J.: 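Pasting a structure below so you can have a look.
Residue numbers begin at 1 in each chain, while the letters A, B, ... track the order of the sequences. Every value quoted in this text rests on a predicted model; they were computed, and no experiment measured them.
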Amino acid sequence: MDRNFYKKDVLDICPHILGKTLVRKCPDGTIFKEIITEVEAYRGEEDLGCHASKGKTERTKVMYENGGLIYVYLVYGMYWMLNIVTGNTTHPQAILIRGTKNISGPGKLGKALKLDQTFYGEDLDTSNRIWIEESGIKNIKYNQEPRVGIEYAKEWKDKPWRYTLTEYEI
DNA sequence: TCACGGATTCGT
DNA sequence: CGAATCCGTGAT
């Protein structure tokens, strides 16, 4: 996908990133290529579930960039989480990729993709080791539910910003 | 330098 | 549903 795809609001992009293909070329030559089936939106400093709610720090600064960059971080000391920065520089936001067709769970996805800190800030439009492309599938249907794992986010935890792909045609 | 806690996972 | 797990973050 080209750069402009990622510059819209995160809530507009989520339904369209479902069904796209995530591609990762590993150092050992193996290629991971799977349809994205589950994502979550994190939207702005006002969203208490979003890391940017703590303001701009060394960790969150990439979310303040224009969309199309990768935001990775380590959670529970062991899982690398894959996020795509979206929007523009006025509103920090990102999409957490939670699962693909054969991999369920963001921690397991990060492991399968062999992610590490060097992916922080990677440009999806120019990278030769990870990107997102059209899959050709059509007639997508999806569900929206509350996001998981953010019990601390008060009223924001109930926002239906978790998107799961339910049906599609090849 | 260090205390804190988490966008998870797995087993019960 | 609850505990394990352990590194990086962010403040000092």
J.: So which nucleotide from C/dG10, B/dA7, B/dT8 ends up closest to the side chain of A/Glu58?
T.: C/dG10
J.: With a 4.0 Å limit, can you tell me whether A/Tyr152 has a side-chain N or O closer than that to the phosphate oxygens OP1/OP2 of B/dA7?
T.: yes
J.: Check each of A/Asn139, A/Leu18, A/Ile137 against A/Tyr168 using the side chain to side chain contact (heavy atoms under 4.5 Å, CB included) test, and report the only one that passes.
T.: A/Ile137
J.: Which nucleotide in the set C/dG10, B/dT8, B/dA7 lies at the smallest distance from any side-chain heavy atom of A/Tyr76?
T.: B/dT8
J.: Would the number of heavy atoms belonging to other residues, nucleotides or ligands and lying under 6.0 Å from NZ of A/Lys20 be above 12?
T.: yes
J.: Assess A/Lys154 against A/Trp156: is NZ or CZ under 6.0 Å from the centre of the six-membered ring, and within 45 degrees of the ring's axis?
T.: no
J.: Indicate whether OP1 or OP2 belonging to C/dT9 is found under 4.0 Å from a side-chain N or O atom of A/Lys54.
T.: no
J.: Crowded around A/Lys7 NZ? As in, over 12 foreign heavy atoms under 6.0 Å?
T.: yes
J.: Would you say CD of A/Glu58 has more than 12 non-hydrogen atoms from neighbouring residues, nucleotides or ligands within 6.0 angstrom?
T.: no
J.: For DNA chain C, which ranges pair as stems of 3 or more consecutive Watson-Crick or G-U pairs, with both donor-acceptor distances under 3.5 Å?
T.: B:1-6 with C:6-11, B:8-11 with C:1-4
J.: Check whether the aromatic ring of A/Tyr73 stacks on the base of B/dA7, taking stacking as ring centres less than 5.5 Å apart and planes within 30° of each other.
T.: no
J.: Counting heavy atoms from C-beta on, name the nucleotide in C/dG10, B/dT8, C/dT5 closest to the side chain of A/Met78.
T.: C/dT5
J.: Side chain of A/Leu74 only, please: which of B/dA7, B/dT8, C/dG8 is the nearest?
T.: C/dG8
